[in-house]
S.K.: 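First the structure, which I've put down as structure tokens, then a few questions once you've had a look.
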Amino acid sequence: MKKFFEIFLGILTAFGGFVDIGDLVANAETGARFGMGLAWVVVIGVIGIVLYAEMSGRVAAISGRPVFDVIRERLGARIALIDLVASLLINVLTVAAEIGGLALVIQLATDLNYLLWVPLTAAAVWIVIWKVRFSVMEKVFGITGLLLVVTAVALWRLDPDWGRLLSDAASVGPPATENWATYLFFAVALIGAAMTPYEVFFFSSGAVEEHWTRRDLMVNRANVYLGFPLGGLLSLAIMAGAAVVLEPRGIDADHLSQMALPVAVGLGRIGLAILYVGMFAAIFSAALETSLSAGYTVAQFYGWQWGKYVRPREASRFHLVVLLSIVVAVGLVLTTIDPIKLTEYSIVLSAAALPLTYFPILVVANDPSYVGESTNSRLTNAVGFVYLVLLLVVSIATIPLMIWTRAGA
Amino acid sequence: MRVRAWLFLLLLPACVAPARSASDYEHKAVDTAEAVLSSVQTGSLVARLGPEQALPPYLSVSLSDVERAAASARAVFLSIQPPDARSDEVRAELSPLLDRSEAALADARIAARRQDFGALTRSADELSSSASSLERFIDRFG
């Protein structure tokens, strides 16, 4: 019974913690611009993150070591350093986007300028990382993030033409008003949002924080096979809400306030209030994960003591990197750069760096010295390889598409 | 040097290129009208939500957001040099529509901040009318 409850809680946490500011922005913007025409990309992104998160969780559970640690040992310091630099840059950019997103949510609720909230939310993120236990932190914010289900309830209340939504979702290609380059640019952004590198580094380090062993492989599978796809459904609900309310009126989702419109129209004040809490919790959870990921990757690369399972004084360098990443992120947001634009850049640059994150995971998950007999099956390898080719194409195409389309303008 | 080249490439999407021909200028005019239409439609929808369906800070923040976006799109468009007489006409036609939209959004934002919900509802009508004018412009030149 205890095991069942643990698995259930893990699924809920993965479900509620799936959506972050990148998913909110990418799905709302895409829905407002292309309706459900890019829903298939969300499905591809979710399958990709499920596939690779399962591998990284399995490596951590069996070897007792997080993926980045193993990557350094297996592929050498040079390749790991390239991976470290790319993921750290994107990580800090993502921390900035999450902190900016949190400040925007509070601005929506209070009408006080978001810049006032940036230092406060950043301080709150750091205090939670410093003081709160890993499992409590992960579950409280992950499960509160479940309130984002309000986006799906609002969609149902809007009473859309479901047949039209489904037929749009089944079609591939840009609508008459858009061109292929812009369509593909937004597809790349959706892949970047769904498969952000920090997710796998956090997931595998979290497995070590929670002392997973081979016996927890079931928990790993339940989290990724059920929790992540349910989170993916939330992404689709956000996209569909924008497709129903914003797209027909020619409204672009350039502001968080516009992204909240479908819920306001569908459910009114109570829906909005629930959405604020859900968005805050989901983005806060992601801010914790990205800040911790910065510490995890650097500490694991240099072989320092890391983690929240030891006292902060025993992992001082790890905590210093976490703190520095938050400080740099705050500095970035305080330049007054639009947090939504920052989010767009972070997910697009994530897309450009995806192979650097996922190729080493595929290699390590096939190495018996780390996973024993639990290496990838032939099917997992075949699908993993197809994804790697896809991610390589995405990575090569991202920057040219960004320049060609003027970042989807 | 390589870092500078990358920075240039990354910042390139944010640049506004000059209009070299009348059709290029019309294209930019339609893009601007579409951007302002997005703001105006948002304003209209938010103003109609009113205090029954949305929390007052939400009304205020949403309207400020879109007012700022419309003002920015207008300023960028007006800063582009029209290349010929035909473009002057396009500019003369779009400019008052942009002014009117921005004014209507400002009225809505002021009403929302004062919690004058009667005026907010009236501004929704003005915003709808501005949206129709912008749509006609887009249909003509788009």
Side-chain angles (χ1 to χ4, degrees), chain A residues 29 32-33 104-114 176-177 185 245-276 337-338 340-341 344-345 348-349 352 398-409, chain B residues 5-6 8-17 28 30-70 72-73 76 109 112-113 115 127-128 131-132 134-135 138-139 142:
Chain A
E29 284 187 346
R33 198 125 169 208
L104 285 179
V105 174
I106 308 178
Q107 176 180 271
L108 271 186
T110 60
D111 197 13
L112 287 173
N113 193 297
Y114 77 96
T177 51
F185 175 76
V245 173
L246 308 185
E247 198 234 352
R249 293 174 172 87
I251 297 175
D252 293 326
D254 295 329
H255 305 280
L256 199 63
S257 51
Q258 287 168 315
M259 295 168 200
L261 256 175
V263 173
V265 173
L267 292 171
R269 294 162 64 109
I270 294 175
L272 261 185
I274 295 171
L275 179 70
Y276 290 167
I337 186 172
D338 177 9
I340 301 297
K341 281 270 167 278
E344 288 167 4
Y345 279 101
V348 168
L349 293 177
T398 302
I399 303 293
L401 278 175
M402 186 168 80
I403 294 166
W404 183 258
T405 63
R406 289 168 52 230
Chain B
W6 273 105
F8 171 75
L9 284 175
L10 282 176
L11 295 175
L12 197 61
C15 298
V16 182
K28 286 181 192 306
V30 170
D31 283 351
T32 306
E34 283 173 347
V36 175
L37 177 65
S38 164
S39 293
V40 168
Q41 290 280 36
T42 306
S44 170
L45 190 56
V46 168
R48 279 180 215 290
L49 286 176
E52 297 83 19
Q53 270 190 283
L55 303 157
Y58 176 78
L59 298 174
S60 168
V61 173
S62 306
L63 292 166
S64 299
D65 281 346
V66 290
E67 183 192 354
R68 225 177 307 117
S72 164
V76 169
R109 187 250 310 153
R113 289 221 168 129
Q115 309 216 351
L127 286 164
S128 295
S132 304
L134 286 165
E135 277 167 349
I138 293 164
D139 287 343

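So that the names make sense, note that chain A is the first sequence line, chain B the second, and so on, each numbered from 1.
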S.K.: What part of Glu135(B) is in contact with chain A, defined as an atom under 4.5 angstrom from a non-hydrogen atom: side chain, backbone, both or neither?
M.R.: neither

S.K.: Could you pull out the closest heavy-atom pair between Asp65(B) and Ser257(A), with the gap in Å?
M.R.: OD2-OG, 2.8 Å

S.K.: Which pairs of donor and acceptor atoms, one on a side chain in residues 246-256 of chain A, lie under 3.5 Å apart (sequence neighbours left out)?
M.R.:
{"unit_1": "Arg249(A)", "atom_1": "NH1", "unit_2": "Val245(A)", "atom_2": "O", "d": "2.8"}

S.K.: Looking only at non-hydrogen atoms, find the nearest pair between Arg269(A) and Pro56(B) and report the distance.
M.R.: NH1-CD, 4.3 Å

S.K.: Which atoms of Ala32(A) come close to chain B, meaning under 4.5 Å heavy atom to heavy atom: side chain ones, backbone ones, both, or neither?
M.R.: neither

S.K.: Between Ser39(B), Ala35(B), Pro51(B), who has the most heavy-atom pairs with chain A when the cutoff is under 4.5 Å?
M.R.: Pro51(B)

S.K.: Only pairs of heavy atoms separated by less than 4.5 Å count here; which of Ile270(A), Asp111(A), Leu272(A) has the most with chain B?
M.R.: Asp111(A)

S.K.: Side chain from CB out, backbone as N, CA, C, O: work out which of these in Leu55(B) comes under 4.5 Å of a heavy atom of chain A, or both, or neither.
M.R.: both

S.K.: What pairs with Ser64(B) under side-chain hydrogen bond (donor to acceptor under 3.5 Å, both in side chains), at least two apart in sequence or on another chain?
M.R.: Arg113(B)

S.K.: What do you reckon, is CD1 of Ile337(A) surrounded by more than 12 foreign heavy atoms closer than 6.0 Å?
M.R.: yes

S.K.: Testing the basics here: between Val61(B) and Gln107(A), what is the closest heavy-atom pair and its distance to 0.1 Å?
M.R.: CG2-O, 3.4 Å

S.K.: Which atoms form the tightest heavy-atom contact between Tyr58(B) and Ala264(A), and what is the distance?
M.R.: CE2-CB, 4.4 Å

S.K.: I'd like to verify something: which residue of Thr177(A), Leu112(A), Thr110(A), Leu108(A) has the highest number of heavy-atom pairs under 4.5 Å with chain B?
M.R.: Leu108(A)

